[in-house]
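Please read the structure below before turning to the comments.
Only heavy atoms go into these numbers, but all of them, side chains included; no hydrogens, no water, no symmetry mates. What you see is a predicted model, and the numbers here were worked out from it, not measured in a lab. We name chains A, B, ... by the order of the sequence lines, and we start the count at 1 in each one.
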Protein chains: 2
Amino acid sequence: MKRKVTLKQIAKELDVSVSTVSKALRNSKEISLDTRTKVQAFAKLYNYRPNNIALSLKNKRTKTIGVIIPEIVHHFFSNVISGIEKEANNRGYNVIIGLSNESFDKEVINIEMLANGSIDGFILSVAKETLLLQDYHHFYETINQGMPIVMFDRVVNEIACDKVVVDDKLGSKKAVAKLIESGCKHIALITTKDYVNVGKLRTQGYLEALEEHKIVPKSSLIIKVEENKDKEVEIEKLEREISTLFDKEKSIDGIFAVNELYAITAMKIAINKGYKIPEDLSIIAFTDGVLSKHAIPSLSTISQHASEMGKKAATMLIDKLEELVDEEKYQTEVINTTLIERDTTR
Amino acid sequence: MKRKVTLKQIAKELDVSVSTVSKALRNSKEISLDTRTKVQAFAKLYNYRPNNIALSLKNKRTKTIGVIIPEIVHHFFSNVISGIEKEANNRGYNVIIGLSNESFDKEVINIEMLANGSIDGFILSVAKETLLLQDYHHFYETINQGMPIVMFDRVVNEIACDKVVVDDKLGSKKAVAKLIESGCKHIALITTKDYVNVGKLRTQGYLEALEEHKIVPKSSLIIKVEENKDKEVEIEKLEREISTLFDKEKSIDGIFAVNELYAITAMKIAINKGYKIPEDLSIIAFTDGVLSKHAIPSLSTISQHASEMGKKAATMLIDKLEELVDEEKYQTEVINTTLIERDTTR
DNA sequence: TGGTGTCACGCAAACGTTTTCGTGTTGAAA
DNA sequence: TTTCAACACGAAAACGTTTGCGTGACACCA
């Protein structure tokens with residue numbers, strides 16, 4: 001098995017110096033045309049490729065960006081990655097992935113592993129546990145060491161770095177407004193506890209939409225789900241809550257859920273209870289994914305344009321890395337949302 | 001903004017040599033306890049971390065594995081990644097991702113980008129276009145350069161490397177047998193054209209199961225879907241085909257589809273046409289994902305244990321990298337499948 | 001012949017490590 | 001006083017590149 005061929009080997013074989021080979025390959029006119037063609041032919045024959053690691057060491061840049069996300073088995077995040085990857089590859093960068101699994105420790109470990117020279121900058125979405133703990137030392141450290149960070153979706157406002165976020169409040173408002181305008185009077189909200197930032201913002205959007213349409217919110221129409229590591233038990237608990245909600249509040253004619261899964265869960269129960277959708281009950285979910293698209297009936301959603309978010313984040317990071325943009329100036333890009341009307345709305 | 005601190009800087013600051021610092025940090029007893037503690041304290045204070053790139057160059061290994069998959073916005077692949085990542089991280093490896101988007105060219109480019117020193121080995125699933133073109137030079141080249149490859153799911157048999165595959169035929173057989181045993185007599189198959197290897201194998205499983213139960217296959221019950229870059233048009237076309245299938249073949253009482261999406265599509269049409277599921281019609285899909293789990297009714301599936309596949313692939317690769325296993329010996333690991341019975345089967 | 005230029009190439013440093021092999025300074029034994 | 005070991009440290013090479021600079025050879029001109 002032949003190993004990778006290096007400049008040194010070519011040099012030895014052709015009885016010239018390493019520098020000559022290097023220059024010849026880069027077509028420097030310092031080297032005679034003769035030697036150049038000879039070296040190039042040899043290099044081609046042996047399929048020479050410069051060693052990236054050596055280049056990285058020399059250039060002090062790896063042309064690699066690190067992405068840390070809470071989970072990858074998730075339509076939103078994998079779409080973001082897809083967007084990042086596309087933009088990065090176009091601009092000659094690689095993407096290296098770390099998963100935090102929503103754990104603070106894993107987030108720290110991942111960042112430390114990558115920050116030591118493996119990558120040029122980070123794109124990340126903060127783990128829930130980190131948000132809960134509010135311990136951001138690892139972010140500060142990396143930034144202090146001169147490594148740029150772009151946060152997306154789940155960001156920490158107090159940290160000075162570029163950010164790409166969704167306008168959660170406005171998106172929710174759009175959804176609820178749509179429900180109201182299509183005739184819903186009693187709209188339930190299925191959201192998360194307030195410490196999850198996006199949950200909070202989406203709840204606000206819901207409330208504002210009601211207010212603007214002069215509808216008085218009723219707390220009995222709001223379910224705040226306690227998140228659980230084990231999705232199964234989380235959903236089971238939610239099912240019970242929704243079921244009792246339907247039983248108690250007969251007048252419900254609209255549901256806005258902060259994610260697909262909650263919406264699908266609600267829909268399943270509603271169908272079981274004999275609701276006709278969308279005639280008796282309209283449903284809209286935040287976050288557009290496969291689930292919504294292929295549900296029966298297919299679910300109307302607020303799309304967050306995940307891939308676009310990824311692309312934007314990559315653009316911002318690479319612009320900063322290539323100094324196309326002021327190093328000290330941080331931007332927050334807001335990606336707008338779109339209402340996708342499918343079969344659960346009128 | 002302070003940059004990363006290096007051995008050289010510490011050495012200068014403490015007025016010792018670089019080698020002393022290096023040894024002190026590794027607690028070599030060649031260095032006096034005095035200097036050791038001094039250096040270590042200083043290093044800690046300045047948060048010294050050895051530069052990975054320099055280490056990689058020196059050690060000729062990056063402790064990074066490259067993963068190339070056709071797409072990431074896909075439950076199966078993201079699950080595999082998740083499995084890979086878990087195992088890799090446990091063993092101190094990073095994971096770097098490349099997406100081929102099913103394109104031969106992108107696959108080649110990605111492999112070339114990563115093969116030049118950035119990673120120690122590959123885990124990959126071959127792009128459809130590559131399988132169609134049957135051009136495998138990039139795989140041969142990387143292997144020739146001494147870089148191990150583990151292929152998973154979509155493998156090329158003729159290439160000598162480790163492989164992790166699903167027993168597609170057996171899995172399908174299980175599914176179809178289940179349908180037959182629960183009383184189905186006229187089972188339709190929705191599969192892909194034969195050049196997609198997994199489609200072919202799953203079709204074989206279907207046929208074998210019928211044969212073993214003395215049922216004569218009818219070609220009119222088989223739909224072979226032509227894949228299309230644009231999933232929308234692929235599915236639309238499929239919908240028409242399924243619709244006419246139902247119209248022509250009134251006796252259908254079971255459906256086996258080679259993936260979730262085909263199954264869901266069929267179910268949607270069946271429900272529209274008034275079939276009761278599972279009473280009138282049972283459905284099983286190959287590939288277990290969110291779609292099946294949360295469909296209404298939830299879909300019975302054959303699970304491929306994607307995460308386990310990823311884990312296994314990572315184990316095999318790292319074992320080879322760390323020479324825990326004979327370099328020249330290639331294995332093919334078969335991950336078995338499980339029938340997950342949900343609400344579309346009796 | 002001496003001076004000047006150009007050509008074609010090699011040397012060496014640099015990136016940040018680790019590690020082998022010295023080497024100067026002790027202190028003690030002979 | 002000599003010899004030797006132990007000790008504590010430094011120099012340098014190596015990993016694979018790129019690049020500024022030095023230099024020998026040759027040609028040309030005066």
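Contact annotation for A/Ser22: base contact, defined as any heavy-atom pair under 4.0 Å involving a base atom. Note on A/Ser19: a base of the nucleic acid sits closer than 4.0 angstrom, heavy atoms only. Nucleic acid contact for A/Ser28: none, since no nucleic acid atom lies under 4.0 Å from a heavy atom of the residue.
Taking a heavy-atom distance under 4.0 Å as the criterion, the stretch of DNA chain C touched by chain A extends 5' to 3' from C/dA8 to C/dG16.
The shortest distance between side-chain heavy atoms of B/Ile68 and B/Val126 does not fall below 4.5 Å.
Using the six-membered ring where Trp is involved, A/Phe104 and A/His138 have ring planes that are perpendicular, over 60° apart on the 30 and 60° scheme.
One interatomic measurement links the two molecules: NZ of B/Lys29 to P of D/dC9, which rounds to 15 Å at whole-angstrom precision. Rounded to a whole Å, the NZ atom of A/Lys23 is 9 Å from the P atom of D/dG20. In this structure, the CD atom of A/Glu30 is 11 Å from the P atom of D/dT19, given to the nearest Å. A/Ile53 has its CD1 atom 16 Å from the C1' atom of D/dT18, to the nearest Å. The distance between atom CZ of B/Arg26 and atom P of D/dC9, rounded to the nearest whole Å, is 18 Å. In this structure, B/Leu33 atom CG and D/dC7 atom C1' are separated by 14 Å, rounded to whole Å. With rounding to whole Å, A/Lys4 atom NZ is found 13 Å from D/dT17 atom C1'.
A salt bridge does not link B/Glu327 with B/Lys320: every distance from a Lys NZ or Arg NE/NH1/NH2 to an Asp or Glu carboxylate oxygen is 4.0 Å or more.
More than 12 heavy-atom neighbours from other residues, nucleotides or ligands sit within 6.0 angstrom of NZ on B/Lys106.
Toward the 5′ end of DNA chain D lies the nearest nucleotide of A/Ala54, the other residue of the pair A/Thr20 and A/Ala54 mapping further downstream.
Checked by atom type, the side-chain pair B/Glu322/B/Tyr93 shows a donor-acceptor distance below 3.5 Å.
Against DNA chain D, the stretch residues 55-65 of chain A makes heavy-atom approaches under 4.0 Å through A/Leu55, A/Lys58.
The minimum heavy-atom distance between A/Val334 and A/Val166, with the atom names listed, is CG1-C, 4.5 Å.
Remark: aromatic rings of A/Tyr136 and A/Tyr140 are distant, center separation not under 6.0 Å.
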